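Read the structure below first, then the notes.
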Protein chains: 2
Amino acid sequence: MAQIEHATVKPRLGRKRDHTRDPEILDVALDVLAETGYDGMTVEMVATRAKAGKATLYRRWPSKSDLVLDAVACMKGRDLDVDSLPDTGTLRGDLVAMIKPPSIRDSERKLKVMAGIVSMIARNPEMAAAAQEALVEPRAAVNRIFFRRAIDRGEIPSDVDVEKLCMIGPALVAYRVLLLRKPVDREFLLSNIDEVILPAVGLRAA
Amino acid sequence: MAQIEHATVKPRLGRKRDHTRDPEILDVALDVLAETGYDGMTVEMVATRAKAGKATLYRRWPSKSDLVLDAVACMKGRDLDVDSLPDTGTLRGDLVAMIKPPSIRDSERKLKVMAGIVSMIARNPEMAAAAQEALVEPRAAVNRIFFRRAIDRGEIPSDVDVEKLCMIGPALVAYRVLLLRKPVDREFLLSNIDEVILPAVGLRAA
DNA sequence: CATATACGGTACTGCGGAGTTCCGGATATG
DNA sequence: CATATCCGGAACTCCGCAGTACCGTATATG
C-alpha cells in the first residue's frame, strides 16, 4: 500500500543512484498484483502508480516476471520478528493472541497476492519457491514456535506432527478466502483454533 | 449447459445440429485450462486439440470466457452420484473409503482447473459462482452426507459444525496441492482423517 | 443427383501490452 | 557555470491472441 514511507533519514545528499525507490516500487507492484492478478497487471500500471517511468522499471528489472518475482520475494522481511511474538504460557493463548486486525489484514493481502500468482506457481519453479519462502513459510514458522513451546512445557504430546499442525490454520484461511470468497473474521479464526487445531493436539477448547 | 441441449423437435436438414461434440470440446477446454491456466490458454489450443475449427467454437460460445465458464459449470455432473457412495457404518470407514486413485485423480484435476481460474474468481462473480457450484460444493456435499449419517447413528455429537467439518479435508488438500506443491497420497489423506478430522468430532483414530 | 447445412481449416483484422528508444529536465559535482 | 548522471514520460515497434470472414468439403434430406 505504499503507506509505509521511509521514516529512515534520507539526507538530500548524493544521487538516488542507490535505488532508493525500489522498495516503494515493489510495494506498488504487490498492490497491483493483488488487485488484478499477474496477467491483468501491466508494467505501466505499476509505473504510473509509483509515479515512475516505465523505462525506469526496465532499467532495474529485466522483465515483468522478474519484477513480480522480486516483489514477492521481498515480502519475506515484512513479517513480525520472532522476538515480538506473544508468549502467553498456553498454546491457546498464543494462537488467540495472533488474532489481531493488522495480522488479519496482512494475511489477506498475502492471500490476494497468492491468488494472483497461483496459476504461475504450477509452471514456474522460481515463482513457486519465492511464494513458498515469502508467503507460506513465515506463517508456518510462527505456528511452529507455538507448538514447540507447548511440547516443551508438556502441554501437548511430544509425538504430534508439528509440520502438519502448522498448516491447518493457513489451509483453512486460504481455502476460505481463495475458494469460498468469505471473509476472515475473529469468529472464524477462533473456531479454527477451538474446533480444529486444539482437538488435533488432544486439547479441549475453553 | 451444452449437454442439456434442445431435445426440441428439429430433426430437419443438415447434419448433427444436436451439438454432439460439445461435451468433448468442453473436456478438452478443461484439460488446457488445467495445464496452462486461463490466460495461458488460447481458443486455438482448444480447437486444435479437439480437432475442431476455431470458428466452430465461436459458433457455439460467444467468447473465450463463456467457453471456460461453460466448461467449469459442466464439471458439476461428473461426480459420483449419491447412490454409489460408500456406507460402511462408521464415519472413519466412509471417509477412508473415499480414498481411491480415481477419486484422488479427480480431485487433482479439479484443483488444477481451480488454480487456472483463482485469479479470475476474485473479479468475476459468475466464475466464482460456477467454481463454487462445480468444484467446491460437490466435495462438501459428500462429506456432509457422511457427517449427518454419523450424527444420526449417534456416533458423533449432534452439535458439531457440519459445514465447517466438510471444509477441513478439501482445505488441507487444496493447500497442499496449490500452495505447497506436494503430492496428495493415501498417507496424507489418512493422516488428515485420523489426526485432524476425527479429533475435531471427538473421535480417536484407530 | 441437387441442395442445404454445419463442419474443419486458413487467412485475416484489431487491439493491447511487453519491451525499447529518445528527450527534456532535475540534481549533484567541481 | 559546465558537465555528467539519472529520472519521468511519451512515442514507438513488435507480437500474440481474441474474434471474424471465407472457402472447400462432408453429410443429410428429398
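Please read all numbers here as calculations on a predicted model, not as lab measurements. Below, each value reflects all heavy atoms present in this structure, side chains not excepted, and no hydrogens, waters or symmetry copies. All chains are named by letter (A, B, ...) in the order of the sequence lines, taking the proteins before the strands, and each is independently numbered beginning at 1.
In this structure, A:Asp22 atom CG and D:dC7 atom P are separated by 9 Å, rounded to whole Å. In this structure, B:Trp61 places its CH2 atom 18 Å from C1' of D:dT20, rounding to the nearest Å. Computed from coordinates, the B:Leu57 CG to D:dG19 P distance equals 11 Å when rounded to whole Å. What separates CD of A:Glu44 from P of D:dG8 is a distance of 14 Å, to the nearest Å. The nearest whole Å value for the distance from the CG atom in B:Leu67 to the P atom in D:dA18 is 10 Å. Atoms CG (A:Asp39) and P (C:dG17) sit 11 Å apart, rounded to a whole Å. D:dG8 atom P lies 14 Å from atom CZ of A:Arg60, rounded to whole Å. For A:Tyr58 and D:dG8, the OH to P distance is 15 Å, given to the nearest whole Å.
Residue-level contact check: A:Met45 touches neither bases nor backbone, having no heavy atom under 4.0 Å from any strand. Here A:Ala55 lies in heavy-atom contact (under 4.0 Å) with a base.
You won't find any donor-acceptor pair under 3.5 Å spanning the side chain of A:Lys54 and the base of D:dG8, going by distance alone. Remark: the B:Lys51 side chain and the C:dG8 base include no donor-acceptor N/O pair separated by less than 3.5 Å. For a distance-only test at 3.5 Å, the side chain of A:Arg59 fails to qualify as a donor-acceptor partner of the base of C:dG19.
Partner of B:Arg49 under the salt bridge (Lys or Arg N to Asp or Glu O under 4.0 Å) criterion, chosen from B:Glu24, B:Glu35, B:Glu44: B:Glu35.
Within the 4.0 Å cut-off from OP1 or OP2 of D:dC7, not a single side-chain nitrogen or oxygen of A:Thr56 is found. B:Arg21 has a side-chain polar atom (N or O) that falls below the 4.0 Å cut-off from OP1 or OP2 of C:dG8. Contact annotation: A:Thr42 does not reach the phosphate of C:dG17 (side-chain N/O to OP1 or OP2, under 4.0 Å).
Here A:Lys76 pairs with A:Glu133 in a salt bridge; the nearest charged N to carboxylate O distance falls below 4.0 Å. Ion pair B:Asp185/B:Arg105 not flagged as a salt bridge, since none of the NZ, NE, NH1 or NH2 atoms sits closer than 4.0 Å to an Asp/Glu carboxylate oxygen. Salt bridge A:Arg144/A:Glu163: present, at least one basic N to carboxylate O contact under 4.0 Å.
For B:Arg176, the CZ atom sits in a packed shell: over 12 heavy atoms of surrounding residues, nucleotides or ligands are nearer than 6.0 Å.
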